[in-house]
Amino acid sequence: MSVAINIEDVVKRYGDQTVINGLSIDIKPGELFTLLGPSGCGKTTLLRMIIGFNSIEGGAIKIDDKVVNNIPISKRNMGMVFQNYAIFPHMNVKDNIGFGLKNKKLDKSEIESRIADILKVVQIEDFKNRMPDKLSGGQQQRVALARAIVIHPKVLLMDEPLSNLDAKLRIEMRNAIKNIQQQVGITTVYVTHDQEEALAISDRIAVMNKGIIQQVGKPKELYERPSNLFVSKFIGTSNVIKAKVERKSDDVYLQFSDGYTEQIRNISDRATNNATVLVSVRPHEFIISTDQDGIKGIVQNNMFLGVNTHYFVELEDGNKVEVIQDAEVAEIIPEGQSISLKVKTNRVNVFDVENEESLIEEGVANEVG
Amino acid sequence: MKLGKKNKFNTWNGLTIIILVFFAVFIIFPLFLVLKKSMIDTQTGEFTFTYISKFFERKFYWVTLMNSFKVTVVSTFLSVAIGLPIAYLMRRVKVKGSKIIEILIIISYISPPFIGAYAWIQLLGRSGVITSFFNNTLGLEFEGIYGFSGIVLVLTLQSFPLIYIYISGALKNLDNSLNEAAESLGYSNIQRFFKIIIPLIIPTILASSLLVFMRVIADFGTPMLIGEGYRTIPVLIYTQFMSEVGGDDGFAAALCAIFIVVTLVLFLIQRMVARHYSYSMSALKPMITEKSTGMKNILSHGFVYLTVLLAILPQLVVIFTSFLKTEGGQVYTGGFSFDNYKNILFGKNLSVILNTYKMGLMAIIIIIVFGILIAYLTVRKRNVITSILDTISMFPFIIPGSVLGIAFLFAFSDKPLAWSGTAFIMVMSFAIRRMPYTIRSSTAIIGQISPSIEEAAISLGASETKTFVKVMVPMMMPGVMAGAIMSWITVISELSSSIILYTNNTQTLTVSVYTEVIRGNYGNASAYSTILTLTSIISLLVFFKLTGKKEVSV
């Protein structure tokens, strides 16, 4: 029932300007696939190409193995949830949801029962006769979602659907969206710039920047083994510090400042001896060391957050890094104190200083995952 | 929405062409004829500058241009000098009855200026009530306010409301925290007014004064009635064209052409000002009115009440005199009666009143249909042709009514477009002249409708036409109707082109007021005016009801 979406080498041009130049993605049937990237990266452009609001200047988009490039929007049978919901303000909830159904020339009873069903799924039965301006943001969001899926579209497209909600409601709604999507089992393309939201909601994520796909993968893969520095910095917090590769017989070491050296096992052969590399260390991949060995720094700020404590540490070379320590571990280190930081080299990611591509070996990486 | 380049000939392109043809026939073609006639000799058919140079060679003619400018500059300046402080006071000081005052100001704005002229003649004219009173009691020889001062008085009182409406709107969008910030930095009340408030609303002041400028310079009725020897350009155009000794078409056309150039320049300046000097403001916390005490309170109230009284006085005079007994056309013979109403309703042909409503409604229907389509095409289907439509649709702003009237007669007197003298030509002149109000408010409301609303409808399988009819039009209606009512109010008070185009069968209320005043039948004129004023007020109340606001945007 669910369909695959194959995006093959598509090109988007506005006048002379090429925004997307030969981009390909395969989206599997029934999955919730997220396009994640900073604003202006082309994710919304791509989404609008799938539904047809944007023309396609090259390549093909296939739904169910059929090229849809030249099919008019109204015939593509895709549901879309808009950033501002785009609820028709002059129709009540029921009429909004029924708008697409009435267009399909279905039986009256069929329409009624489908509306009743979807109202239950999105849990807004009590509001079916209300006008949109009498609904809260979350309720409007549910109406928009119901309206898009009630037509039984082949594909559901969502363009930053949560960005107009407050933080608490955002979390509530993203769970609701995920549940409803799984319940309906519809192939969904979701656009967001919020990495946390993307990690929470998606089956798979494509990270985009400047019209180019940086990496496609499951949330955990992207977080733990980003394929380049951009992905590493965009998803989660990363401290980037420089280190030098040191090869001694078969073993490889990373030499940090202050003479601190640590062995690394899963690094690629492309990391040649004496090469400078960029090491991306997540805040919890530092160990605050009790002995003198480690990268030296001074605690600038501490922030006790209950579950853990965040430290902002200035290293001796002037770099500032963020370190997270479980709260139970020890006393809070006072501001101004000198400390040494060790690095969990089995978890960190290493990037080429020139092209910023990952130097971690795939096979070894999976062991860690 | 950027769809494929295919199906080039869809409904929207078809509509664009129809509207373009409509504009070509009713705007471009008549204006072209005006320009042509102004430069082609009527006898020989050769190209000539004689008509245009005739204007600048004789003082008798070019002095009218000077007169127009003098009257306009002074009236505009005074309008700002009155409108600005009132707007500020009304936002700042708690004035008793401010709601009623606002409505009175708007009513005085929507009534036709020449009614003001004729009312002031009754008060301060040669044999006016106030003039007679002072001349008799003090033994003065006051001749009444005719000419320059009369025109300025009437047009100022008629125009300051527009300045008020604009500035009041701008002040409402001014965030009071700006004011509070300045106060915390040690600025006094007066200093804040000049250092913060004025600079922020300067664009509004300039834009609204230019609008006043355009209205005043194109006004025909007021200088015609109260100007006497003081002739302005619209008066000259009318008299040249209508002169009994066979009007000189070529010269009248030349006058029109010169006048269009003047208004065009003003319009361009207005656009430039509006574009370059605008701050986008939206107040989270608007200014609040505060109760004043002492002298400040008394002065504020006094100033506001007095000005508004003067502004609304013509309406009161007209309504009052309409109920007076008349003798040989003269009012103030003592005693009240319904004679005037009996006269106009039963004694005379009732068609004057019916004509106004019938032709007005037909014009409004045209205005609404075209207004919606033009606004939608120019905002959502922007391309070279719709941009041209957009520009042409604003032409009527710069074409003075008398010029449009003459242009229509030039264009539609001969076959195959021999429409002069018909109701059709009146309806079309109303529609063309007053369409911009509806277009502008429709355009504004489309701007507030997110494009994704339309996309949502299309993604749900609705066709473009269906999306337009079922989603866009209903959503646009509040804005369209608000504009349409402003169009309607200005249609029924239209004089300057009706006076040129009307015949006995298509006479309107405004034309009747004018001709009755000219004939000296002040009683009948008052009764006609009262009907006109009541219609405007009722329309205004409908407007308030419909928009849920107590203000107009113009």
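Proteins get letters first, then strands, A, B, ... in listed order; numbering begins at 1 in each.
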Taking only Lys NZ, Arg NE, NH1 and NH2, and the carboxylate oxygens of Asp or Glu, determine whether [X] and [Y] approach each other closer than 4.0 Å.
X	Y	answer
B/Lys381	B/Glu464	yes
A/Glu112	A/Lys108	no
A/Lys62	A/Glu8	yes
A/Glu57	A/Arg13	no

Of the backbone (N, CA, C, O) and the side chain (C-beta and beyond), which part of [X] lies under 4.5 Å from a heavy atom of chain B, both, or neither?
X	answer
A/Met78	backbone
A/Ile87	backbone
A/Arg147	both

Per-residue contact mode, B/Lys466 against chain A (heavy atom under 4.5 angstrom): side chain
